[in-house]
Amino acid sequence: MNLDYYQRPFYLISQPIVSEVLKQPHSKRKSFWGLIPENECSYLQSKELIETYYSSILKEIEKIVSSKSRMYWLHLSRRIFPNTSGKDKSPITIGVTRKIIDGAIEKYAQDEFCEHIGITGEIDISEVFDGLLLSNDLEYERELLKSLPRQVVLTKFNQTNMLEYYTLEKLAYEVWKCGATLRALGKGATIKINHSDKEYFTESRTPELAFLIDNYDNRKFSFITTRKGVVLENKDDLNSGKLLVPIYNISNTKMVLFNPIFKQFDIPLSFGDDMITNFLPILYPLRGYYNNNKPLFGSFFKKYKIEVVSILAVITAVSYRIFHKLFLEKDVAMVKPLFLRGYQGPILESDILEELDYFKNFAFLDLELDEDEKMKVNIQEGFEFLKLINRDTIDLLFTAPLKLFIPVSKDRVIIDYSKISQILDDLMFQVGIKDENFKGLLFEYVTNKTKSILPTSQCLANNNSSKQIDYAIGVEKILVICECKLKENSIGYYKGNMQSIKQRRENVIDQSIDESNQKAIWLSENPKGKNYDISGFDYILPIGLSAFKEFMPSTSKKYWINEVIPRVLTIEEFNEIIDNKIISKNNYNLIKIRNSVDKND
């Protein structure tokens, strides 16, 4: 892959400033917290201060982002490697801060082109990078732009503008910091203000709370369900119905994994094996998403007055468009939205609608829509739903709702493919129906690496009592039984509302543990029934399963399998402890099975 026009200029512009810029938190940290007396704050004081600080950060973000256009900010930010300008460099934090920047661009940036960008062929080469390309050392870039088709380029851009971007990145980190601190406050922390610490405010945690939060943070998030708690995969077809969509490459995956694919499909392109691109394509199970969310479609229509299939047909059509152009037409330009930029455009809306109308038939095939569902599809309505129109609804703490089609001029938009996975993740959030048991049925199949030892219907004891066990698996002489709880998190939970966190504990953690305990006790007293027999086991370990990583409220053994593994797990965590043989007679909360012989034998 050859150098692009911006890479060496970016290096020359940023190299003198970037190391110093990233050393300290944003100056707002000092100017705000430096005026607050040093103190160990109460919960209410802590919460009020963080929320006030967050509001002041939003004003700073708006001031910066609103000074320039969406096209400028997208063009710039997508050419800078994802990172954070703060203390926390974890992949999750990097991903969140980038989403915050994306949300800020949608929420605050100007609609039309600004003076800081131009289009080659309409401007002189001397205007690019404020004339920097006229340098003898940058002849390659000058000739490159002359040889390529018309494209958007940075014009009035210098060290001050690069510094401004890194300032925005720092502010995005402060938004993340506010959200993380509010969530810690909701779990029992407070804040301590210390002017001699460059962080200025830190969390105060009891030793127990410090362990609980660290344990939670060090565990992996679940990626097999949406924010609604619905499983993504199609349980009847795990291979087809998937298309490539780009996500931020926060895992720093190298191109060595993809070069053989380009070769296999005769795509005339290769990257250096050690190259790390800004984006990474994943196979998204669009057909599985469509099938598994069907029970919610009616409620979605009542809430938004649009058919879900119209939205999914548009998303699937634009995703298939990339696949078709790259793998069938061998159009190497499609590598940019998949690996380098995450977006494509600007493109005329009329051209996009024309292509969507063409590719919708491929979308119908990919989703396997029946004739009735095809008749419901309205491409124009799907496009309008996925187009940024109402920026006021965007919440940077929640990083939603974001859109696929971003207007950048009167009649042109950007297709931001990198938003697809998040749009689908959020699409059904807070769309409810009375009976959401379908989520449990979908969820339980994911555990079925081994078929459940117990019936999926009621277990019938010889005394005619019965219990339904969601899933059970044997590990040597221990029977592990699972109680599934697939309740979606509230917005309040994500924002650290103490009442929301309490309700989550009661309705998911405590309830799944208590119900699994009751069923385990019943099984231990009735080891052999009419349609089951667990008399070959010595113990039962009752646990909970959730669609989301759950925060354990206490170090009490009630909430733990052992010293570090919680008793309410995600599917990924559950499968890992089974595969790694973590289950043993040393675990907490084992219930001994009554040693009995069926009296009828």
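Every heavy atom of this structure was used, including side-chain atoms; hydrogens, water molecules and symmetry mates were not.
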Legend entry - E573 and K549 ion-paired at < 4.0 Å: no

Inset, instruction - Taking the six-membered ring for Trp and the full ring for Phe, Tyr or His, determine whether the centres of Y493 and F548 are under 6.0 Å apart. - result: no

Inset, instruction - Answer yes when K68 and E164 have at least one side-chain N-carboxylate O distance shorter than 4.0 Å, and no when they do not. - result: yes

Legend entry - Sole residue of L312, V245, T226, I311 in side-chain contact (heavy atoms from CB on, under 4.5 Å) with L424: L312

Legend entry - For L486 against G229, the heavy-atom pair lying closest together: CD1-O, 4.1 Å

Legend entry - Side-chain heavy-atom pair E381, E384 within 4.5 angstrom cut-off: no

Legend entry - Minimum side-chain heavy-atom gap E515-K485 below 4.5 Å: yes

Legend entry - Electrostatic pair E371:K374 at N-O distance under 4.0 angstrom: yes

Inset, instruction - Verify, without hydrogens or angle tests, whether S55 (side chain) and E51 (backbone) share a donor-acceptor contact under 3.5 angstrom. - result: yes

Inset, instruction - Identify the two heavy atoms, one from P346 and one from V152, that lie closest to each other, and give their separation to 0.1 Å. - result: CD-CG2, 3.8 Å

Legend entry - Pair D111 + R391, salt bridge at N-O below 4.0 Å: yes

Inset, instruction - Look at the side chain of S66 and the backbone N and O of Y108, then say whether any donor-acceptor pair between them is shorter than 3.5 Å. - result: no

Legend entry - Check: H75 main-chain N/O paired with R79 side-chain donor or acceptor under 3.5 Å: yes

Legend entry - Geometric class of the F258/F339 ring pair [parallel <30°, tilted 30-60°, perpendicular >60°]: perpendicular

Inset, instruction - Side-chain contact test, heavy atoms from C-beta onward, threshold under 4.5 Å: evaluate it for Y290 versus V308 and give yes or no. - result: no

Legend entry - Worked verdict on L367 versus E373 for side-chain contact (heavy atoms from CB on, under 4.5 Å): CA-CA 10 Å; L367 296 173; E373 290 294 285; over 6 Å; no

Legend entry - Exercise: identify the closest heavy-atom pair between G186 and Y43: N-CE1, 4.5 Å

Inset, instruction - Taking the side chain as every heavy atom from C-beta outward, state whether T570 and L545 have any atom pair closer than 4.5 Å. - result: no

Inset, instruction - Step by step, work out the side-chain contact (heavy atoms from CB on, under 4.5 Å) result for M71 and R412. - result: CA-CA 11 Å; M71 191 68 253; R412 294 177 185 269; over 6 Å; no

Legend entry - Smallest separation among heavy atoms of I80 and Y166, with atom names: CG2-OH, 4.1 Å

Inset, instruction - Spell out, as yes or no, whether a donor-acceptor pair under 3.5 Å connects the side chain of Y54 to the backbone of G179. - result: no

Inset, instruction - Could you tell me how the ring of F265 sits relative to the ring of F327: parallel (under 30°), tilted (30 to 60°) or perpendicular (over 60°)? - result: perpendicular

Legend entry - Flag, side chain of W73 to backbone of V65, donor-acceptor distance under 3.5 Å: yes

Legend entry - Y289 side chain near L427 side chain, heavy-atom distance below 4.5 Å: yes

Inset, instruction - Go through K419 and E106 one step at a time and tell me if the side-chain contact (heavy atoms from CB on, under 4.5 Å) criterion holds. - result: CA-CA 12 Å; K419 305 276 182 59; E106 289 193 24; 2.5 Å; yes

Legend entry - Nearest non-hydrogen partners of L397 and V175, listed with the distance: CD2-O, 3.7 Å

Legend entry - Pair S516, D514: side-chain N/O donor-acceptor within cut-off below 3.5 Å: no

Inset, instruction - Using a 4.5 Å cut-off on heavy atoms from C-beta on, say whether the side chain of Y471 contacts that of C484. - result: no

Legend entry - Closest non-hydrogen atom pair between T393 and P401, with its separation: O-CD, 3.3 Å

Inset, instruction - Determine the interplanar angle of the F221 and Y216 rings, folded into 0 to 90°, and report it as parallel if under 30°, tilted if 30 to 60°, perpendicular if over 60°. - result: perpendicular

Legend entry - Whether S310 side chain and N378 backbone form a donor-acceptor pair below 3.5 Å: yes

Inset, instruction - Compare all side-chain heavy atoms of L286 with those of I315 and state whether any distance is below 4.5 angstrom. - result: yes

Legend entry - Sidechain-backbone polar pair: T155 side chain, E115 backbone, donor-acceptor under 3.5 Å: yes

Inset, instruction - Using the six-membered ring of F385, assess whether NZ or CZ of K403 lies under 6.0 Å from its centre and within 45 degrees of the ring axis. - result: yes

Inset, instruction - Would you kindly check if the NZ (Lys) or CZ (Arg) of R341 is within the cone defined by 45 degrees around the ring axis of Y6 and under 6.0 Å from the six-membered ring centre? - result: no

Legend entry - S56 side-chain N/O to Y53 backbone N/O, donor-acceptor pair under 3.5 Å: yes

Legend entry - Carboxylate-amine/guanidinium proximity below 4.0 Å for R78 and D102: yes

Legend entry - Electrostatic pair E483:K519 at N-O distance under 4.0 angstrom: yes

Legend entry - Working for side-chain contact (heavy atoms from CB on, under 4.5 Å), residues L340 and F279: CA-CA 6 Å; L340 302 177; F279 290 89; 6.0 Å; no

Legend entry - N/O donor-acceptor pair under 3.5 Å between R219 side chain and F551 backbone: no

Inset, instruction - Test the R227-Y494 pair against the cation-pi criterion, namely NZ or CZ under 6.0 angstrom from the six-membered ring centroid and within 45° of the ring axis. - result: yes

Legend entry - K220 bridged to E576 by N-O distance under 4.0 Å: no

Legend entry - side chain to side chain donor-acceptor pair (under 3.5 Å) partners of residues 318-331, not counting sequence neighbours, each pair once: R321-Q344, R321-E355, R321-Y417, H324-E329

Inset, instruction - Measure from the side-chain N and O atoms of T120 to the backbone N and O of Q151, and report whether any donor-acceptor pair falls under 3.5 Å. - result: yes

Inset, instruction - Measure up the F157 and Y72 rings against each other and bin them: parallel (under 30°), tilted (30 to 60°), perpendicular (over 60°). - result: tilted

